[in-house]
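Predicted, not measured: the structure shown is a model, and the values here were computed from it.
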Amino acid sequence: MVKQGHYAGVSTSKKSRQLKQHAQRQANAMIDRSTVADFLQGRYVLTQRATSALVDETMQRFLAEWAEQGVETSEDGLWDMDKITVQTLAQIAIKVPWQFYAIIIGQWSKFSRFIKKEVPALPTKQAVRLMNQDMDITSVIGQQLAVNWYLTHFSGTSQLATVTNDNIQELAKSFTDQDGISWQNVAVVYSTTPFTVETSDQSLQRWLQSLTDLTVDQL
């Protein structure tokens with residue numbers, strides 16, 4: 001992921017306890033931009049019920065990246081939900097296996113409700129307004145998966161420069177059917193570029209390996 005510090009060294013349960021305590025301490029206090037990401041994570045832990053420990057950890061990691069993008073890209077108190085999400089997924093890119101994106105899709109309804117409720121309620125000095133809230137997450141992730149496949153397949157070669165937008169759109173289209181993204185199609189295409197877990201951080205390693213081990217039937 002983008003900044004390994006979000007994910008290194010602290011167990012999920014311990015991190016969750018710390019976030020809860022942090023959110024409770026700041027519940028009635030103003031916060032500055034440097035603590036917005038931590039505050040949102042604390043609120044997420046307090047208010048969301050995950051379907052599994054792996055889903056919970058995945059969404060917390062995603063939220064950490066999403067919130068930092070929000071802080072870094074916002075101007076005049078405006079958070080563009082579409083832009084922040086697109087940039088977050090682009091930053092994460094090939095640092096996670098394709099199963100990560102399947103979890104994001106599956107949890108998007110809950111996640112987006114959380115964002116729509118909690119971001120405008122942030123206790124910051126300048127009120128935060130959320131723009132472009134009704135984004136097409138299926139289309140965004142379909143295209144990101146296509147980009148990621150080419151990045152992995154042609155990594156370190158000059159062929160990457162020959163990939164066109166038409167190539168990306170065609171591959172993204174092959175990932176979708178009438179019900180949205182076909183994870184079976186994604187799994188078949190990505191079997192040609194297996195994800196390799198390469199990190200010395202044990203917590204991050206366990207999480208990535210758990211994602212990689214998920215089958216289509218488990219998603």
Side-chain angles (χ1 to χ4, degrees), residues 1-23 35-71 79 81-122 130 133-138 140-142 144-145 148 180-181 183 186 195 197 199 201 203-216 218-219:
M1 305 285 285
V2 184
K3 297 178 181 177
Q4 186 169 312
H6 285 314
Y7 315 121
V10 180
S11 69
T12 304
S13 59
K14 183 177 180 181
K15 180 67 172 176
S16 294
R17 288 196 301 273
Q18 291 173 342
L19 288 169
K20 286 181 181 179
Q21 292 167 356
H22 184 67
T35 61
V36 163
D38 281 344
F39 182 88
L40 281 175
Q41 279 193 287
R43 289 293 302 159
Y44 189 85
V45 171
L46 284 169
T47 62
Q48 304 302 299
R49 293 183 181 274
T51 56
S52 71
L54 179 57
V55 169
D56 187 46
E57 183 173 2
T58 299
M59 296 311 297
Q60 286 185 46
R61 290 175 184 271
F62 177 68
L63 176 59
E65 298 290 346
W66 195 96
E68 288 213 352
Q69 280 293 317
V71 171
W79 283 38
M81 187 170 178
D82 192 340
K83 178 181 177 181
I84 293 168
T85 304
V86 169
Q87 291 182 337
T88 300
L89 293 172
Q91 287 274 55
I92 294 168
I94 60 174
K95 297 170 186 175
V96 295
W98 62 265
Q99 291 91 333
F100 170 89
Y101 296 92
I103 290 178
I104 300 303
I105 286 280
Q107 294 293 306
W108 184 255
S109 179
K110 286 175 59 179
F111 181 83
S112 60
R113 284 199 302 270
F114 170 82
I115 292 299
K116 292 173 185 179
K117 178 181 178 181
E118 297 293 339
V119 168
L122 282 168
L130 200 59
Q133 301 178 30
D134 299 318
M135 58 178 297
D136 185 353
I137 191 63
T138 299
V140 170
I141 285 186
Q144 189 63 56
L145 286 166
N148 290 355
I181 292 182
W183 296 109
V186 173
F195 182 81
V197 177
T199 176
D201 181 81
S203 175
L204 184 57
Q205 185 181 74
R206 283 193 299 270
W207 174 64
L208 290 172
Q209 191 60 58
S210 294
L211 288 175
T212 305
D213 291 342
L214 288 174
T215 65
V216 172
Q218 293 174 309
L219 295 171

Output the distance between atom [atom1] ([X]) and atom [atom2] ([Y]), rounded to the nearest 0.5 Å.
| X | Y | atom1 | atom2 | answer |
| --- | --- | --- | --- | --- |
| Ile105 | Ile137 | CD1 | CD1 | 5.5 Å |
| Arg43 | Ile115 | CZ | CD1 | 12.0 Å |
| Tyr44 | Glu118 | OH | CD | 11.5 Å |
| Phe100 | Gln144 | CZ | CD | 10.0 Å |
| Gln91 | Ile84 | CD | CD1 | 12.5 Å |

Hey, does the side chain of [X] reach the backbone of [Y] with a donor-acceptor pair shorter than 3.5 angstrom?
| X | Y | result |
| --- | --- | --- |
| Gln99 | Leu214 | yes |
| Gln69 | Thr85 | no |
| Ser52 | Val55 | yes |
| Gln48 | Val45 | no |

**Message:** Is a donor from one side chain sitting under 3.5 angstrom from an acceptor on the other, for Thr138 and Trp108?
**Reply:**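 Result is no, nothing qualifies.
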
**Request:** For the residue pair Ser109 and Arg113, confirm or rule out a side-chain donor-acceptor distance under 3.5 Å.
**Result:**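 Yes.
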
Closest non-hydrogen atom pair, [X] against [Y]:
| X | Y | result |
| --- | --- | --- |
| Gln107 | Met59 | CB-SD, 3.7 Å |
| Asn148 | Ile94 | O-CG2, 3.5 Å |
| Leu130 | Pro120 | CB-CG, 4.4 Å |
| Leu204 | Asp201 | N-OD2, 2.7 Å |
| Leu63 | Leu40 | CD2-O, 3.7 Å |

So, do [X] and [Y] sit near enough that their side-chain heavy atoms are less than 4.5 Å apart?
| X | Y | answer |
| --- | --- | --- |
| Gln218 | Thr215 | yes |
| Leu219 | Trp98 | yes |
| Asp38 | Gln41 | yes |
| Lys117 | Thr47 | no |
| Val71 | Trp79 | yes |

**Steps toward salt bridge (charged side-chain N to carboxylate O under 4.0 Å, His left out) verdict (Lys116, Asp134)** = CA-CA 10 Å; Lys116 292 173 185 179; Asp134 299 318; 3.5 Å; yes

**Item:** Under the ring pair (Phe, Tyr, Trp, His ring centres under 6.0 Å) test, residues paired with Phe195 that sit two or more places apart
**Value:**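 Phe195 satisfies ring pair (Phe, Tyr, Trp, His ring centres under 6.0 Å) with no other residue.
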
**Request:** Please lay out, stage by stage, how Arg61 and Glu57 fare under the test salt bridge (charged side-chain N to carboxylate O under 4.0 Å, His left out).
**Result:** CA-CA 6 Å; Arg61 290 175 184 271; Glu57 183 173 2; 2.6 Å; yes

**Message:** With side chain to side chain contact (heavy atoms under 4.5 Å, CB included) as the criterion, how do Glu68 and Thr88 come out once you've worked through the C-alpha distance, each side chain's angles and the decisive distance to 0.1 Å?
**Reply:** CA-CA 9 Å; Glu68 288 213 352; Thr88 300; over 6 Å; no

**Request:** Classify the ring geometry between Trp66 and Phe111 as parallel (under 30°), tilted (30 to 60°) or perpendicular (over 60°).
**Result:**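 Judged by the thresholds at 30° and 60°, the geometry between Trp66 and Phe111 is perpendicular.
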
**Prompt:** Can you name the side chain to side chain contact (heavy atoms under 4.5 Å, CB included) partners of Asp213, sequence neighbours left out?
**Reply:**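 Result, side chain to side chain contact (heavy atoms under 4.5 Å, CB included) vs Asp213: Gln209.
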
**Request:** Take Leu89 and Phe62 through the test side chain to side chain contact (heavy atoms under 4.5 Å, CB included) and record every step on the way to the result.
**Result:** CA-CA 9 Å; Leu89 293 172; Phe62 177 68; 3.8 Å; yes

**Prompt:** How far apart are the C-alpha atoms of Trp183 and Ile181, what are their side-chain angles, what is the distance that settles it, and do they pass the side chain to side chain contact (heavy atoms under 4.5 Å, CB included) test?
**Reply:** CA-CA 6 Å; Trp183 296 109; Ile181 292 182; 3.7 Å; yes

**Request:** Decide yes or no on side chain to side chain contact (heavy atoms under 4.5 Å, CB included) for Ile103 and Leu211, but give the supporting numbers first.
**Result:** CA-CA 9 Å; Ile103 290 178; Leu211 288 175; 3.5 Å; yes

